[in-house]
Protein chains: 2
Amino acid sequence: MAAKKPSSVARHPIGVVSSRTGLPLDVLRAWERRYAAVVPTRTDTGRRLYSDLDVERLRALRVAVDQGRRISDVASLSLAKLQALQQEDEASRARSRRIARRRPKAEPAEYVTRGFAAVESLDRDQLVRVLEEAEVALDRLSLYADVLVPLLRRIGECWREGTLRIVNEHVATDVFRGFLARHVAPPDAPTDRPRLIVTTAAGQLHELGALLVAATARDHGWEPAYLGPNLPAEEIAAGVERYGARALALSLVYPVVDPRLDAELENLRHYVGSEFPIFVGGDAARAHAETLKAIRARYVASLADLGPALAGVAA
Amino acid sequence: MAAKKPSSVARHPIGVVSSRTGLPLDVLRAWERRYAAVVPTRTDTGRRLYSDLDVERLRALRVAVDQGRRISDVASLSLAKLQALQQEDEASRARSRRIARRRPKAEPAEYVTRGFAAVESLDRDQLVRVLEEAEVALDRLSLYADVLVPLLRRIGECWREGTLRIVNEHVATDVFRGFLARHVAPPDAPTDRPRLIVTTAAGQLHELGALLVAATARDHGWEPAYLGPNLPAEEIAAGVERYGARALALSLVYPVVDPRLDAELENLRHYVGSEFPIFVGGDAARAHAETLKAIRARYVASLADLGPALAGVAA
DNA sequence: CTGTCCTGGACAAAAGATTGACAAGACGGC
DNA sequence: GCCGTCTTGTCAATCTTTTGTCCAGGACAG
């Protein structure tokens with residue numbers, strides 16, 4: 001454990017630390033007052049200044065507490081010990097999970113919580129396990145709408161506000177993608193189903209929403225062709241043509257508002273022809289409602305609405 | 001299962017034990033009250049504190065019970081006896097099957113050609129088929145080095161010179177990723193293997209090379225943790241620490257030359273400490289040879305060299 | 001002047017402990 | 001196969017400890 005940089009220069013006020021660790025202000029102070037969990041330096045007027053190391057420690061403490069340890073027990077442990085503990089807990093938990101026990105009850109919210117915890121602690125295997133449990137316990141729509149969507153949304157929020165590291169988001173994305181890929185493209189599909197092109201417009205980097213759309217479409221009897229994220233209008237049109245698709249679905253998530261996007265959408269309508277059905281959904285769709293209306297794209301408010309919307313086309 | 005150190009320091013509250021063993025709180029208490037199956041120590045305020053040994057015992061008890069024994073019968077057995085029991089049951093259940101492996105000689109170059117054709121015509125299923133054929137026909141290393149790498153390189157070239165559309169590249173990436181993901185993270189891996197962090201530096205968007213590295217490392221007895229592409233040095237360091245990794249592998253592909261990259265690499269060396277083993281490979285690595293030398297990263301010229309290089313660390 | 005931060009006290013919610021009870025399934029005798 | 005008895009997981013009620021949250025009143029920073 002040689003030179004660790006993140007201590008010397010940067011010192012953060014309590015507000016920043018709170019948002020970076022996800023711990024409320026009061027908790028930070030309470031932990032300091034009651035257990036001296038971290039003892040930040042002070043300005044000459046008494047304000048707390050936390051080092052990067054403090055932040056890291058607090059993060060680790062939070063994980064430990066979330067895993068069920070008591071703050072009074074772990075508050076005095078070193079950062080290394082905390083991380084060791086975390087490792088141990090996970091390994092141990094994983095082993096016990098392998099001997100699957102009977103399933104009590106299946107609350108979607110619980111999967112979200114457990115999934116998020118797994119993301120936080122970078123525990124890939126655990127995340128996979130949670131998803132798989134949810135998959136067998138719930139029906140498809142509920143799995144997507146009540147577990148995956150809330151989970152994604154929560155990860156997105158925390159990521160934007162800095163509570164989650166980039167690594168966490170990456171690992172989560174990778175797991176989700178693998179998980180959804182199985183739903184989107186099951187091995188053998190002699191396809192007389194209508195084709196649906198699924199993608200994301202240029203500038204839109206987040207692909208998980210699109211994958212959810214593809215998987216849902218598949219459940220409704222379509223054959224989705226997922227083209228990957230961040231495609232310019234011309235490319236999308238090429239895909240539509242190549243596959244002889246009957247409709248196109250776009251997911252707009254982030255950035256929420258993007259002037260380039262409007263132009264892209266207009267282009268898209270131009271390329272695919274004026275009658276081709278275009279469906280659009282995602283959190284960023286509302287922000288571009290006008291353009292969507294102008295190009296006569298159909299807005300799909302939620303995954304549950306996708307099936308009926310598609311049915312209108314297939315007829 | 002060899003190395004297991006019941007660190008006598010750690011004492012766990014009942015909540016953690018419950019989650020570690022999968023036994024409900026009530027059961028833990030009931031077993032203690034009725035059979036003294038384990039007798040945890042107490043804090044001065046009466047809360048239970050379980051040792052690692054207790055946890056181990058409880059886990060064994062649970063296995064025995066799940067296998068149909070009665071708790072009242074096994075509660076008083078020693079840990080050793082419980083484990084013997086478990087072994088016995090497992091042995092009687094073990095029915096392993098042998099999978100015959102045929103290996104018709106085929107020319108790797110042919111798979112490359114067919115694969116590329118599939119990419120060109122956007123035929124996802126065909127691409128998957130080609131990869132799967134190659135997978136059974138060739139050994140791992142040859143599959144990676146003689147099929148995937150050339151295929152990727154060719155796609156990359158055509159993409160850069162505009163012969164291939166973005167869509168093609170996207171679809172290919174998606175298929176490859178799904179294919180490789182299966183190699184990188186097989187279902188359950190009780191991991192006493194050394195950990196290797198695999199990722200891509202900030203600015204480097206192409207992740208397929210990294211996935212190849214992860215899969216190869218796995219074949220050499222490591223436990224790769226793939227963190228996703230395009231990570232800043234600080235994030236990578238966090239991952240290294242979090243996973244207690246023994247080494248780090250970076251894939252540098254595109255952009256081939258990137259001034260920011262040098263700074264990133266230096267940062268990275270700084271964060272992980274001066275002795276930590278860093279391996280670097282990929283087509284863009286040569287262009288940064290000086291920096292790599294400066295930070296004492298080890299250059300790995302091809303996938304075939306990765307195994308030996310890693311072996312040097314594991315020793 | 002407004003928004004952020006400090007201290008210390010108070011309070012509410014969560015997590016645990018204890019005791020007792022109950023119901024479903026296992027077991028054993030006939 | 002039937003019936004009483006045992007086992008055992010689960011639940012409820014109640015109390016204590018621990019921990020998160022809120023508030024008041026004041027100070028500081030920008």
Side-chain angles (χ1 to χ4, degrees), chain A residues 11-51 54-55 58-59 61-77 89 96 99-105 107 109-110 113 117 161 163, chain B residues 11-51 54-55 58-59 61-77:
Chain A
R11 314 223 87 118
H12 318 284
I14 195 169
V16 171
V17 175
S18 166
S19 112
R20 291 207 4 201
T21 58
L23 294 165
L25 298 175
D26 283 321
V27 171
L28 291 177
R29 290 192 275 253
W31 284 6
E32 177 185 344
R33 171 172 22 134
R34 305 210 256 238
Y35 320 105
V38 303
V39 184
T41 58
R42 303 291 188 118
T43 70
D44 27 358
T45 56
R47 305 211 154 189
R48 276 166 253 253
L49 286 180
Y50 294 80
S51 70
D54 291 333
V55 174
L58 285 167
R59 272 204 176 113
L61 284 174
R62 183 162 119 81
V63 171
V65 167
D66 283 350
Q67 276 175 343
R69 323 222 66 119
R70 302 166 43 196
I71 182 59
S72 51
D73 287 343
V74 292
S76 62
L77 297 183
D89 266 1
S96 87
I99 330 160
R101 198 165 170 78
R102 45 176 147 286
R103 207 158 301 299
K105 54 196 159 193
E107 198 60 37
E110 195 182 320
T113 312
E161 75 185 22
T163 313
Chain B
R11 300 216 164 283
H12 317 286
I14 194 169
V16 169
V17 174
S18 166
S19 114
R20 274 196 177 194
T21 59
L23 294 166
L25 299 176
D26 282 325
V27 171
L28 291 176
R29 290 191 274 251
W31 284 6
E32 176 185 344
R33 171 171 27 134
R34 306 210 256 239
Y35 320 105
V38 302
V39 184
T41 58
R42 303 290 187 118
T43 71
D44 27 1
T45 56
R47 317 276 280 187
R48 276 165 252 255
L49 286 178
Y50 295 80
S51 70
D54 292 333
V55 175
L58 285 167
R59 206 198 305 279
L61 284 174
R62 187 188 132 181
V63 169
V65 166
D66 282 352
Q67 275 171 348
R69 324 246 163 195
R70 300 168 42 167
I71 181 59
S72 50
D73 289 344
V74 291
S76 61
L77 296 183

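We name chains A, B, ... by the order of the sequence lines, and we start the count at 1 in each one.
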Asks: At less than 4.0 Å, is any side-chain N or O atom of B:Y35 found next to OP1 or OP2 of D:dT7? Yes or no.
Replies: no

Asks: Tell me which nucleotide among D:dT21, D:dT8, C:dC6 gets nearest to the side chain of A:V27.
Replies: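 Output: D:dT21.
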
Asks: side-chain contact (heavy atoms from CB on, under 4.5 Å) between B:L23 and B:S18: does it pass, once the steps are laid out?
Replies: CA-CA 5 Å; B:L23 294 166; B:S18 166; 5.7 Å; no

Asks: Would you mind reading off the distance between B:R69 atom CZ and C:dG25 atom P, rounded to a whole angstrom?
Replies: 22 Å

Asks: Before giving the answer on side-chain contact (heavy atoms from CB on, under 4.5 Å), spell out for B:W31 and B:L58 the whole-Å C-alpha distance, their side-chain angles and the decisive distance to 0.1 Å.
Replies: CA-CA 10 Å; B:W31 284 6; B:L58 285 167; 4.1 Å; yes

Asks: Specify the separation, in whole Å, of atom CG of A:L23 and atom C1' of D:dT21.
Replies: 13 Å

Asks: Quick check: closest heavy atoms across A:R70 and B:P13, and the distance to 0.1 Å?
Replies: CD-CB, 3.9 Å

Asks: Rounding to a whole Å, what distance do you find between B:Y50:OH and C:dA17:C1'?
Replies: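 Roughly 11 Å, once rounded to whole Å.
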
Asks: If you look at every heavy atom in A:L49 and A:P40, which pair is closest and at what distance?
Replies: O-CB, 3.4 Å

Asks: B:I71 has a side chain; which of D:dT18, D:dT8, D:dT21 sits nearest to it?
Replies: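 So the side chain of B:I71 is nearest to D:dT8.
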
Asks: Grab the N/O contacts between the protein and nucleotides 27-30 of chain D below 3.5 Å, and write none if there aren't any.
Replies:
{"unit_1": "D:dC28", "atom_1": "O2", "unit_2": "A:R47", "atom_2": "NH2", "d": "3.2"}
{"unit_1": "D:dA29", "atom_1": "OP1", "unit_2": "A:T45", "atom_2": "OG1", "d": "3.2"}

Asks: Nearest heavy-atom pair of A:V38 and A:E32: which atoms, and what distance?
Replies: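 Where A:V38 meets A:E32 most closely, the heavy atoms are O-CG, 3.4 Å.
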
Asks: Would you check, one step at a time, whether the test side-chain contact (heavy atoms from CB on, under 4.5 Å) holds for B:V16 with A:Q67?
Replies: CA-CA 7 Å; B:V16 169; A:Q67 276 175 343; 5.8 Å; no

Asks: Under the criterion side-chain contact (heavy atoms from CB on, under 4.5 Å), I'd like the reasoning laid out for A:T163 against A:T21: C-alpha separation, chi angles, the key distance, then a yes or no.
Replies: CA-CA 6 Å; A:T163 313; A:T21 58; over 6 Å; no

Asks: CG of B:L28 versus P of C:dG16: gap in Å, rounded?
Replies: 11 Å

Asks: Whole angstrom is fine here: how far is it from CD1 in B:I14 over to C1' in C:dT18?
Replies: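 My rounded result for the distance is 12 Å.
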
Asks: Each nucleotide N or O in nucleotides 7-10 of chain C that has a protein N or O under 3.5 Å away: list the pair and distance.
Replies:
{"unit_1": "C:dT7", "atom_1": "OP1", "unit_2": "A:R42", "atom_2": "NH1", "d": "3.2"}
{"unit_1": "C:dT7", "atom_1": "OP1", "unit_2": "A:R42", "atom_2": "NH2", "d": "3.3"}
{"unit_1": "C:dT7", "atom_1": "OP2", "unit_2": "A:R48", "atom_2": "NH2", "d": "2.2"}

Asks: Quick one, A:H12 with A:R48, criterion side-chain hydrogen bond (donor to acceptor under 3.5 Å, both in side chains). Give me CA distance, side-chain angles, the key distance, then yes/no.
Replies: CA-CA 8 Å; A:H12 318 284; A:R48 276 166 253 253; over 6 Å; no

Asks: Taking all heavy atoms of B:L77 and all of B:D73, pick out the closest pair and write down the distance.
Replies: CG-O, 4.3 Å

Asks: What is the distance, rounded to the nearest whole Å, between atom CZ of A:R62 and atom P of D:dG20?
Replies: 11 Å

Asks: Rounded to the Å, how far apart are A:R70 CZ and C:dA15 P?
Replies: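 Distance check: A:R70 CZ to C:dA15 P gives 12 Å.
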
